[in-house]
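Working notes for the structure below.
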Amino acid sequence: MTAVNSSMCNESSNAEPSAIADDLILTIDNGTQSVRALLFNLRGELVAISRIELEAYFSENPGWAEQHAEYFWTMLTKCCQQLWQQEEVIANAYQQRVRAVTVTTQRGTVINLDKQGQPLRPAILWLDQRLCQHNKAMPWYWRLAFSAIGQTKVVDYFRRKSQANWLQQNEPAIWNKTEKFLLLSGFLTHKLTGEYKDSIGSIVGYLPFDYKKQSWASRWDWKWHALPIKRSMLPNLVKPGEVLGVITELAAKATGIKEGTKVLASASDKACEVLGSGCISADTASLSYGTTATINTNNTRYVEPQAFIPPYPSAIPDNFNSEVMIYRGFWMVNWFKQEFGQNEIEKAQELGVSAESLFDQLVAQVPPGSMGLMLQPYWSPGLKNLEAKGAIIGFGDVHTRAHLYRSILEGLAYALREGKETLEKRQKQKITRLIVSGGGSQSDAALQLTADIFNLPAHRTHTFETSGLGAAINAAVGMGYFESYQNAVNAMTRIEQSFIPNPNHVRLYDKLYQQVYRKMYRQLKPIYQDIKKITGYPE
């Protein structure tokens, strides 16, 4: 393994005055598997953290993923109160030093509220797989337009996947009572401030949103015909770094945050991850090794990562994140650990070490290339490959669970390399740096094979909590601590460790990628389509 430790800490061109050097920003990061309350200083250092594991979702029917909206709020308040009770927090008066609050959340989770602002039903999570029945026909001129550009199937999928359409069809009484239709970020903002507002940077989902203009769609946009949502049901939008409101008396009692503290807009967890990793130019890619694995670049112009797939709003105002997603990315790693990794998990508990360190040892038992075991990580279909399924080929009697585990990591890296090449073509600019974040970034083995497969150094940042840090950067700029996002990134982000490509491994991986991996989907696609016809899965 070739790793380089780095103490590089860029100096801000407008470092914070000493009078405010002790100010803190509270980031609330409500992910899929946990909620975290994070205190950052203006040097980007995580000075305190409280974390509560979440029951990610419950499922009353196959493929459904729901969670009670008030559960998210209850866990958020508990997480904050738990933070203030920590000895170090009390000793250093951190609670009194919080000057701003910001919230970043999972994307695409929707909540129906009535006229009193109360949830009408459980939230439908981004993981939910339900599809509504075919909707009534769109106006003929839109059907003609979609047919002309070859996007009829994509638009049909958008309409079938829309939670709003499903609710109108299957729970019309609930839909008719819905006064507000919010993302989780908008719901938590309302609970904290009493305002129906949300950040432009948080809007990702099956909503009437114009990704190019970064605003709710104009009245003539086709999405208003495709969805039953009315403009009055949606929150007002503000740019990242702008004020959403202030902590209300009720929220202060529930969370322990001082009443009147400003709540500033940040962005979705992925967008904040990109910013918190220091990826603010198109030549630097942010790799997220999380539940969904992604590769992102930040662009000042609208660059579709794939034709007719929009770039999402960046955490930097008026910028765009061009993103390629691998659904169920590092979920596959957790799947492996649950199904095949009990020995390591139990041994780690006995030794008092992290389970990840033992899984890294498992990877080390296997040579690069996993002795020909190749994995295609399409465990869930994407918008451009609706029939896709996962595949593992090349099995032989030499293969063990260690080979399987390494092949999962390699398959994800192959898929993200393919995403990198797509992004380079679309944005017409080479990617020369990789910065890796997310839970999987804590694995040295994962970062080394990433460097080898991409043939680029893979960098790990100084903090694991990059989404929380990105949100804190939004708040720091919004509060006026820094004049620009460049200055804030210089002051609050830095590289901790770098993994350098091994030339021998690079050559092996390049052959496997070019001669095997890139052919797998094309050759297996007809088989996937037959499987779908026979079994109906995936729908």
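- Only one option out of Asn299, Thr300, Ile280, Leu275 pairs with Asn319 in a side-chain contact (heavy atoms from CB on, under 4.5 Å); it is Thr300.
- Not counting sequence neighbours, Arg301 has no partner by the side chain to side chain donor-acceptor pair (under 3.5 Å) test.
- Here Trp224 pairs with nothing under the ring-ring contact (aromatic ring centres under 6.0 Å, His included) rule; sequence neighbours left out.
- The ring pair (Phe, Tyr, Trp, His ring centres under 6.0 Å) test with His68 is passed by exactly one of Tyr57, Trp73, Phe58: Phe58.
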Donor-acceptor contacts under 3.5 Å from residues 227-234 side chains, at least two apart:
| unit_1 | atom_1 | unit_2 | atom_2 | d |
| --- | --- | --- | --- | --- |
| Arg231 | NH1 | Leu234 | O | 3.2 |

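- For residues 237-249, the pairs satisfying salt bridge (Lys or Arg N to Asp or Glu O under 4.0 Å) are Lys239-Asp318, Glu249-Lys253, with sequence neighbours left out.
- The side-chain tip of Arg130 points at the ring of Trp166 from less than 6.0 angstrom away and within 45° of straight on.
- Heavy-atom neighbours of Lys161 NZ from other residues, nucleotides or ligands within 6.0 Å: above the threshold of 12.
- Nearest heavy-atom pair, Gln86 versus Ala48, reported as atom, atom and distance to 0.1 Å: OE1-CB, 4.2 Å.
- The side chain to side chain donor-acceptor pair (under 3.5 Å) check on Ser314 picks up Asn298, with sequence neighbours excluded.
- Partners of Asn296 according to the side chain to side chain donor-acceptor pair (under 3.5 Å) rule, which considers only residues two or more places apart in sequence or in another chain, are Glu323.
- Take His190 and apply the ring-ring contact (aromatic ring centres under 6.0 Å, His included) test, not counting sequence neighbours, and it matches Tyr196.
- In this structure, the side chain to side chain donor-acceptor pair (under 3.5 Å) partners of Thr102, at least two apart in sequence or on a different chain, are Ser266.
- Identified under the ring pair (Phe, Tyr, Trp, His ring centres under 6.0 Å) test for residues 234-278, with sequence neighbours left out: none.
- Pairs engaging residues 248-297 under the ring pair (Phe, Tyr, Trp, His ring centres under 6.0 Å) rule: Tyr289-Phe330 [sequence neighbours left out].
- Sequence neighbours left out, not one pair with a member in residues 247-277 passes ring pair (Phe, Tyr, Trp, His ring centres under 6.0 Å).
- Under the rule for a ring-ring contact (aromatic ring centres under 6.0 Å, His included), the partners of Phe209 that lie at least two apart in sequence or sit in another chain are Tyr211, Trp216.
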